[in-house]
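Below is one structure; the comments refer to it alone.
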Amino acid sequence: MQVEQLTCAIGAELVGVKLADAIHDDGLFAEIRAQLLRHRVLFLRDQDISRAEHVAFARRFGELEDHPVAGSDPEHPGLVQIYKRPDQPMDRYENAWHTDATWREAPPLGCVLRCVECPPVGGDTMWANMVLAYDKLPADVKAKIEGLRARHSIEASFGAAMPIDKRLALKAQYPDAEHPVVRTHPETGEKVLFVNAFTTHFSNYHTPERVRFGQDANPGASELLRYLVSQAYIPEYQVRWRWQPNSVAIWDNRSTQHYAVMDYPACHRKMERAGIIGDKTF
């Protein structure tokens, strides 16, 4: 297996590897997992695998989860079909920097995404290293956010365009989750800046140390949250991947954010994603 690092910050392409082999080869899978922890997102070309193999490989990391809004393949639970058609409006949720499903109490460990069909040009995906984003924060900001917690909402994102009864039912099923603003990676011990497009507000900002009067709370908190969310936008923390059919990306959802670029005309873009159930944050 050749490992070709793509940027100084994040991402590597694996060459000479067939993911179908890693389903049964413990040594190969262990090496892939080690490279994932090191590079945070891995890319592979020419992975002509079946849906069953896709799911079987992803399950080596853990059990898979379905998505309450995006559709899944009926024969392969946990394999979410992210299909765009020429007659379908562009999705409003992919083209934002986000970490998948942080509205869950236990957000996904990671994902395995395969390209089935893509535009001839455009439709790339970008990832950002949120460990590096935390490391590069000024010392005074690190001190300010230590111990802060924030809410993450499916209602305010996927539910926002739904009729009110469906939106409230979605929130009742998936109440806003609360996570540390700086989470600890459960395998590496690294500190990760953990706010993104699903984050709505800090839940414990209003303390005597931060707020003189009640009027201080809203501008102070909103400006700080906006600043923290914007750290994913910095190019030096990013990698950009150009898709081809049968290309695969494997990412660590605990330490990254990603952004699907919608710069392509109306056409087919078919992606299939297996999301791996993760642990509660700390």
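Predicted, not measured: the structure shown is a model, and the values here were computed from it.
Applying the salt bridge (Lys or Arg N to Asp or Glu O under 4.0 Å) rule to pairs touching residues 188-198 yields Arg40-Glu190, sequence neighbours excluded. Each salt bridge (Lys or Arg N to Asp or Glu O under 4.0 Å) pair with one or both residues in residues 159-180, not counting sequence neighbours, appears once here: Arg149-Glu178, Arg151-Glu178, Glu155-Arg167, Glu155-Lys171. Residues in residues 245-255 take part in these salt bridge (Lys or Arg N to Asp or Glu O under 4.0 Å) pairs, two or more places apart or across chains: Glu187-Arg254, Asp252-Arg254.
Judged purely by atom type and a 3.5 angstrom limit, Gln238 uses its side chain to pair as donor or acceptor with the backbone of Tyr233. Using a distance-only test at 3.5 Å, with no hydrogens or angles considered, no donor-acceptor pair links the side chain of His76 to the main chain of Leu79. Panel note: side chain Arg60, backbone Ala22; a donor-acceptor pair is recorded below 3.5 Å.
A search for side-chain hydrogen bond (donor to acceptor under 3.5 Å, both in side chains) contacts involving Asp279 returns nothing, not counting sequence neighbours. Shown here are the side chain to side chain contact (heavy atoms under 4.5 Å, CB included) partners of Pro119, two or more places apart in sequence or in another chain: Tyr264, Cys267, Arg269. By the side-chain hydrogen bond (donor to acceptor under 3.5 Å, both in side chains) test, Thr200 is found to be paired with no residue, residues two or more places apart in sequence or in another chain being considered. A search for ring-ring contact (aromatic ring centres under 6.0 Å, His included) contacts involving Tyr237 returns nothing, not counting sequence neighbours. In terms of the side chain to side chain contact (heavy atoms under 4.5 Å, CB included) criterion, residue partners of Gln5 (sequence neighbours excluded) are, by chain and number, His39. Legend: residues meeting side chain to side chain contact (heavy atoms under 4.5 Å, CB included) with Asp21, ordered by chain and number and at least two apart, are Lys18, Leu28. Taking His67 as the reference, nothing meets the side-chain hydrogen bond (donor to acceptor under 3.5 Å, both in side chains) condition, with sequence neighbours excluded. By the salt bridge (Lys or Arg N to Asp or Glu O under 4.0 Å) test, Arg183 pairs with no residue at all, sequence neighbours left out. Partners of Tyr174 under the ring-ring contact (aromatic ring centres under 6.0 Å, His included) rule, at least two apart in sequence or in another chain, are Trp103.
Considering Trp97, Phe43, Trp241, Tyr259 as possible partners of Trp127, the one that fulfils the ring-ring contact (aromatic ring centres under 6.0 Å, His included) test is Phe43.
Using the six-membered ring where Trp is involved, His179 and His152 have ring planes that are perpendicular, over 60° apart on the 30 and 60° scheme.
A side-chain donor-acceptor contact under 3.5 Å links Asp100 and His98.
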